[in-house]
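Here is the structure we will look at.
In the text below, chain A, chain B and the rest are named by the order of the sequence lines, each starting its count at 1.
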Amino acid sequence: MSASRSAPPSLASWLASGLGRLVLALAVPGLTFLGLWQGFLFLRDSDAPKLLIALVAIIWGVGGAGLLYLVSNWLVEQLPAEWVRRLQPFLFIGPAMAILIWFLALPTLRTLWISLFNANSSVFVGLQNYLDVLTQQSMLDVFRNNLLWMVLGTSFTVVFGLLVAVLADRSRFETLAKSIIFMPMAISFVGAGVIWNFVYEVKDKADPQIGLLNAIWVALGNEPQAWTALITPPFNSLFLIVIVIWLQTGYAMVLFSAAIKGVPGEILEAAQVDGANDIQVFFQIMIPQITGTIITVTTTVIIFTLKIFDVVWVMTGGQFGTSVIATEFYRQYFTNRNFGYGSAIAIILLIAVIPVMIYNLRQFKEREAF
Amino acid sequence: MDNRTRKLVGQIAINGALALICLAWLIPTFGLLVSSFRDRTDIQVSGWWTIFPHQDWVKTGEVDIPADADRQGVMTIGGAQGTFEEFRAGVTSPDGQRLTWMGNRRLGRVEIQERQWKTNANFTLDNYVNVLTGKEYIITQPDGSTRTVKGDDMGNAFLNSLIVAVPSTVIPILIAAFAAYGFAWMNFPGRRILFTIVVALLVVPLQIALVPILRDYVALDLNGTFLAVWLAHTGFGLPLATYLLFNYISQLPRDILESAFIDGASHFTIFTQLIIPLSVPALASFAIFQFLWVWNDYLVALIFVGAKPDVQVITQRLAEIVGSRGADWHLLTAGAFISMLLPLAVFFSLQRFFVRGLLSGSVKG
């Protein structure tokens, strides 16, 4: 310290002076933004090799976000201590709140607003869109399909998940079995759609069937069927629901497996000593002990099936009477350009999800997970 | 039955049931995997299970159709009698051979067939090469010279998915971790209300947000850029990320932070030097979850990337093949597997963290 004080005025001491600080405080964020903007332009317009773009994009995106925090924190810390204490919390939570408000809070209000107008948002129609959505036969079929998804998808997922969890818990091959059941969770809905389209593939009667289901069906002496298309609705939806059961059972299994291992061993042993058989132990001891988990899994899968989109979209595009709320929203909004009607569907979806979600959150709080 | 046999029977029943369920779960994926290595015509004319040894009719010779055979009525060929339809399905001659009419009524031929064990195991990597590199198109330019342009391919879409997924995973976690720390360890007016807003936004289904954001993007000329997709995924992932990380960070022992404060560390230093390293398990489990979610996402990409081929991600490309060439199973099977490669690798190598994430509630609301 003393050495630098006695030295002739240097760049460092000039920077430390008030004017230098101000210049620096303006220059650093300015340069940061300029650099990030250049990166953005490069990514948007460049013809560079794909691999280079990929590298630049990832570094720019990840590094840029970190840099913004670093620079703005540095700026705040230049201020007097009292201001640092006041402003720093908003530096920490500000970006999150800004993005949440831009991407979720405001859009919800805006969609609500659009839903009160006609197809091209020019005439205020009040609740007419909601009346239409809730009374038209085509929409009622859509709600019926969603109900089917909710009831069948959820119950089978829960039952299979519980079954696998209980069986695996008593097997020596627990890890292997759980990995296999769990694996579909890593597969995209589009990928799952391809997998199951292949299972459901139908060929002409005279040709050999290459889809597994039709091959079995024909071998049993039946005519080949177009499972997801030409079967009477709502039965063709069942073949789509199978896909989601296949995808989601792994999730249910993981939660149930953890819950089962959490049931105190003494209780189970005590019941066995008292002469209860396995089935009695399961229904009268195990199930009451894991009720909380069953509710969590059920509500989560219900929300999931209410919002189901990708599977239906990839398998049938919502045709053949398999449409659900989310695909109908997409079709009304982006294909028919009926903005008011589409927004009303989205709001109804929100209203349907809210009570289930609140219940789900409350359950989580009680379990104090994490 | 004594106790030991009963236990053994129980074990067999349990493992048998488990094996059955696992088999049912595996077969759809397995069929696709096998098919992706089969020749393109093989896929179309025989089921993938024919790669296993099975009994089938195999051609051993041919018989001539008598010139005077009545193709509309009953014919006698190679000692067997039957109509065209019967021969089409296969007729057994008196000496035990099977005769089958191949082709149409006018120009067909009759094969002698015998039942033999066979396998249809011709494997090839062509499908993958085809899907990854795309076809080459030769374009003739106005001055007469030609230029070879590579068709847009899945390799490109794979890179795009990577460009979308990595920042879309890191950015929301970074922002959420800052916010979680702020909510957990800093004092400021409006803390409770703001946190309640975060939790309340957990219920908003992302469908509701798509359209207004799309309008903003169009106004800002952001649509179809990577930044647009990153921001969208960040926004949709933030409520859950903030909520989960808050639960974790607020549970960290208070005295560690207090001693750091006494040593004169600032909030920023404590956050980067102390909280982040301590929160690695929570960060990792949410990161895996968000990565898989973004990689597998289709709807967000569909709306914010749209039809721009040079920005399209892998799920879009795959869905496009489903839509336009849904019967080209040699492309679909290989393409589907390429799209699953990375998530499956991430999933199996980091399964432990993934399970932990699920148990803590990492499910998109």
For a ring-ring contact (aromatic ring centres under 6.0 Å, His included) check, start with the C-alpha distance between A:Phe189 and B:Tyr298, then their side-chain angles and the critical distance, and finish with the verdict.
CA-CA 8 Å; A:Phe189 297 125; B:Tyr298 174 58; 9.9 Å; no

Could you go through the side chain to side chain contact (heavy atoms under 4.5 Å, CB included) check for B:Phe178 and A:Ile93 one step at a time?
CA-CA 6 Å; B:Phe178 268 105; A:Ile93 64 149; over 6 Å; no

Starting from the C-alpha separation in whole Å, work towards a yes-or-no answer on side chain to side chain contact (heavy atoms under 4.5 Å, CB included) for B:Met340 and A:Ile195.
CA-CA 11 Å; B:Met340 289 174 206; A:Ile195 290 179; 3.5 Å; yes

Let me see the working for B:Gln316 and A:Val190 under side chain to side chain contact (heavy atoms under 4.5 Å, CB included), right down to the final yes or no.
CA-CA 8 Å; B:Gln316 280 179 294; A:Val190 181; over 6 Å; no

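When heavy atoms are compared at a cutoff of 4.5 Å, A:Phe329 approaches chain B solely by way of its side chain, counted from C-beta outward. Using a 4.5 Å cut-off between heavy atoms, B:Ala176 makes no contact with chain A at all. No part of B:Leu342 comes within reach of chain A, as not one of its non-hydrogen atoms sits under 4.5 angstrom from that chain. Heavy atoms of B:Ala179 lying under 4.5 Å from chain A belong to its backbone as well as its side chain. Residue contact with chain B, scored on non-hydrogen atoms closer than 4.5 Å, involves the backbone and the side chain of A:Ala105 alike. Contacts of B:Ser35 with chain A are made by side-chain atoms alone, with heavy-atom separations under 4.5 Å and no backbone atom involved. Of the two parts of A:Ile345, neither the backbone nor the side chain holds a non-hydrogen atom closer than 4.5 Å to a non-hydrogen atom of chain B. Heavy-atom distances place no part of A:Ile59 under 4.5 Å from chain B, backbone and side chain included. Looking at B:Arg215, the atoms closer than 4.5 Å to chain A (heavy atoms on both sides) all sit in the side chain, from C-beta outward. Both the backbone and the side chain of A:Tyr69 have a heavy atom closer than 4.5 Å to some heavy atom of chain B.
Contact of the A:Gln88 side chain with the B:Phe268 side chain is registered, since non-hydrogen atoms from C-beta on lie closer than 4.5 Å. Side-chain contact between B:Trp25 and A:Thr249 is present, with heavy atoms from C-beta onward closer than 4.5 Å.
Expressed to the nearest 0.5 Å, how far CD1 of A:Ile187 lies from OG of B:Ser339 amounts to 8.5 Å. Annotation: the span from A:Met185 atom CE to B:Leu292 atom CG amounts to 9.0 Å, rounded to 0.5 Å. In this structure, CD1 in B:Ile14 is found 11.0 Å from CZ in A:Arg172, a value given to the nearest 0.5 Å. Remark: A:Ser343 OG to B:Ile208 CD1 distance equals 8.5 Å, nearest 0.5 Å. Separating the CG atom in B:Leu332 from the CG atom in A:Asn197 is a distance of 8.0 Å, to the nearest 0.5 Å. Separation of atoms OG1 (B:Thr29) and CZ (A:Phe198) is listed at 12.0 Å; rounding is to 0.5 Å.
Residue A:Leu104 comes nearest to B:Gly235 through the heavy atom pair CD1-O, 3.5 Å, listed as atom of the first residue, atom of the second, then distance. The two residues B:Ile213 and A:Trp102 come nearest to each other via the heavy atoms CG1-O, 4.4 Å. Taking both residues in full, the closest heavy atoms of A:Glu77 and B:Ser266 are given as OE2-OG, 3.3 Å, listed atom of the first, atom of the second, then distance. Of all the heavy atoms in A:Val199 and B:Pro28, the pair that sits closest is CG2-CB, 4.0 Å. Nearest heavy atoms, A:Ala326 versus B:Gln207: CB-NE2, 3.4 Å. Contact between B:Ala17 and A:Leu167 at its shortest, heavy atoms only, is CB-CD1, 3.9 Å.
For the set A:Phe309, A:Tyr333, A:Trp246, A:Phe339, the count of heavy-atom pairs under 4.5 angstrom toward chain B peaks at A:Trp246. Of the listed residues (B:Ile27, B:Val346, B:Asn187, B:Ile163), the greatest number of heavy-atom pairs within a distance under 4.5 Å of chain A belongs to B:Ile163. Chosen from B:Val199, B:Leu299, B:Val166, the residue pairing most often with chain A at heavy-atom distances under 4.5 Å is B:Leu299. By number of non-hydrogen pairs under 4.5 angstrom with chain B, the leading residue of A:Trp313, A:Phe103, A:Phe160 is A:Phe103. In terms of non-hydrogen atom pairs under 4.5 Å with chain A, the most contact-rich of B:Gly190, B:Ala336, B:Pro239 is B:Pro239. With respect to chain B, the highest number of heavy-atom pairs below 4.5 Å among A:Val314, A:Asn73, A:Thr111 belongs to A:Asn73. Top candidate by heavy-atom pairs under 4.5 Å with chain B, chosen from A:Ile354, A:Leu349, A:Leu306, is A:Leu349. For the set B:Leu33, B:Ile303, B:Ile314, B:Thr272, the count of heavy-atom pairs under 4.5 angstrom toward chain A peaks at B:Ile303. With chain A as the partner, the residue from B:Leu201, B:Val311, B:Thr333 showing the most heavy-atom pairs under 4.5 Å is B:Leu201. In terms of heavy-atom pairs under 4.5 Å with chain B, the best-connected choice from A:Val194, A:Val84, A:Ile99 is A:Val194. With respect to chain A, the highest number of heavy-atom pairs below 4.5 Å among B:Asp216, B:Val164, B:Val170 belongs to B:Asp216. Taking chain B as the reference chain and counting heavy-atom pairs below 4.5 Å, the highest number among A:Gly63, A:Ala65, A:Gly342 is found for A:Ala65.
Between A:Phe92 and B:Phe271, a ring centre-to-centre spacing shorter than 6.0 Å is recorded.
The neighbour count for A:Arg86 CZ, taken as heavy atoms of other residues, nucleotides or ligands under 6.0 Å away, is above 12.
B:Leu341 is linked by a side chain to side chain contact (heavy atoms under 4.5 Å, CB included) to nothing, counting only residues two or more places apart in sequence or in another chain.
Between the side chain of A:Asp310 and the backbone N or O of B:Asp297 there is no donor-acceptor pair closer than 3.5 Å.
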Identify all side-chain donor-acceptor contacts of residues 177-184 of chain A below 3.5 Å with residues at least two apart in sequence or on another chain.
from     : atom 1 : to       : atom 2 : distance (Å)
A:Lys178 : NZ     : A:Glu174 : OE2    : 3.1
A:Lys178 : NZ     : A:Ser257 : OG     : 2.8
A:Ser179 : OG     : A:Thr175 : O      : 3.1
A:Ser179 : OG     : B:Gln351 : NE2    : 3.4

